[in-house]
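As structure tokens, the structure follows; a few thoughts come after it.
What you see is a predicted model; the values in this text were computed from it and never measured. To find a chain, count down the sequence lines: A is the first, B the second, and so on, and within it residues start at 1. Below, each value reflects all heavy atoms present in this structure, side chains not excepted, and no hydrogens, waters or symmetry copies.
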Number of protein chains: 2
Amino acid sequence: MLIEIDFNSEEALYLQLRNQIIMGIATMELREGDSLPSVRQLAETIGINMHTVNKAYTVLKQEGFVKVDRRRGAVIAVNLDKMKALEELKQELLVVLAKSSCKGISRQEVHVLIDELYSEYGSID
Amino acid sequence: MLIEIDFNSEEALYLQLRNQIIMGIATMELREGDSLPSVRQLAETIGINMHTVNKAYTVLKQEGFVKVDRRRGAVIAVNLDKMKALEELKQELLVVLAKSSCKGISRQEVHVLIDELYSEYGSID
DNA sequence: ACTCTGTTATAATAATTCTATAACAAAAGA
DNA sequence: TCTTTTGTTATAGAATTATTATAACAGAGT
């Protein structure tokens, strides 16, 4: 999987990494059981420090997207805690939607955008 | 408007402040033309530094939610750059929805959540 | 034996966040 | 006119976070 880091971005490197891997899982470019590169290997490929990659992997483990195996490294393994995920989603949308509402974006326009984005992810329904 | 700051939150104080004011505008608790407290006054009320409030106001100005007047202080004045807002919304939803998709939250469930949240905001449609 | 894995420890640097004082000019009110 | 209040700016210190740099360890694969 191709990972691109923007060194001029304000977003922390380990978060850019985390986000791209999550999007990789969502688009099914990464599937359950797939191994991610080792922390050292990926660090060298991207040109960043080992610990920065390790931090991204640790966050992904914490958030239930991978399991880390001593032998196989980080393996995609999504923990489906839907209730928790829904609560988090609600919290994250709270401010984002407040912003869009202020800016005159209608409910329907948000729905269209949701459909557009969700169509690129491997949702079941 | 009541503002509550969580000093144990990981979120920066100035961002908590910014977010609550945006939500105040969305819920129409704050309306076009309303003045916000002066930076010093609000800082004292909340119990934080003047510059932290000033930073929140500066960000809100930058993002087009208030205009800052030398005499009246920060005044609610939403700049309706819808195209820009839509682009930002899309960018913000990209990762948020990837996460929810991974966690097995369906498109419909997101729609329900959107409606639930939007109903609390003063959207026109 | 050798290599590769994640993990841990320590340390230095840089950037961000928050606070603390202080001062300034513009405007409002007495 | 005098005083107060406004946003704004400057400077500086403390605390936290992000990133990098070495180094070492034990477990597993070859």
For the side chain of [X], starting at C-beta, report the closest nucleotide among [options].
X        : options                   : value
Arg40(B) : dT7(C), dA18(D), dG7(D)   : dG7(D)
Val68(B) : dC18(C), dT6(D), dT8(D)   : dT8(D)
Leu13(A) : dT8(D), dA20(C), dT20(D)  : dT20(D)
Asn49(A) : dT20(D), dC18(C), dT19(D) : dT20(D)

Note: Lys103(A)-Glu88(B) ion pair, threshold 4.0 Å (strictly below):
no
Original post:
Quick one: do Arg107(B) and Asp115(A) make a salt bridge, cutoff under 4.0 Å?
Top reply: yes
Distance check needed: [N] [atom2] versus [X] [atom1], whole Å only.
X        : N       : atom1 : atom2 : answer
His51(B) : dC18(C) : NE2   : C1'   : 11 Å
Met50(A) : dC25(D) : CE    : C1'   : 12 Å
Phe7(A)  : dA15(C) : CZ    : P     : 15 Å
Asp69(B) : dA28(C) : CG    : P     : 9 Å
Leu15(A) : dA18(D) : CG    : C1'   : 10 Å
Leu42(A) : dG6(C)  : CG    : P     : 10 Å
Gln41(A) : dC4(C)  : CD    : C1'   : 10 Å
Glu10(B) : dT16(C) : CD    : P     : 19 Å

When Lys55(A) and Arg72(B) are each assigned the nearest nucleotide of DNA chain D, the 5'-most assignment goes to Arg72(B)
Nearest-nucleotide check on DNA chain D, Glu11(A) vs Asn54(B); residue mapping nearer the 5' end is Asn54(B)
Check: Side chains of Leu13(B) and Lys55(B): closer than 4.5 Å at any heavy-atom pair?
Finding: no
Distance-only side-chain donor-acceptor flag, Glu63(B) / Asn79(B), under 3.5 Å = no
What one should report as the nearest heavy-atom pair of Ser100(A) and Val110(A) is OG-CG2, 4.5 Å
Is the shortest side-chain N/O distance from Ser38(B) to OP1 or OP2 of dT6(D) below 4.0 Å? yes
- Reckon Thr52(A) has a side-chain N or O less than 4.0 Å from the OP1 or OP2 of dT20(D)? yes
> NA contact type, Lys61(A), heavy-atom cut-off 4.0 Å: base, sugar-phosphate, or nothing?
Replying inline: sugar-phosphate
>> Any base atoms under 4.0 Å from Tyr57(B), or only sugar-phosphate, or nothing? Heavy atoms, all strands.
In response: nothing
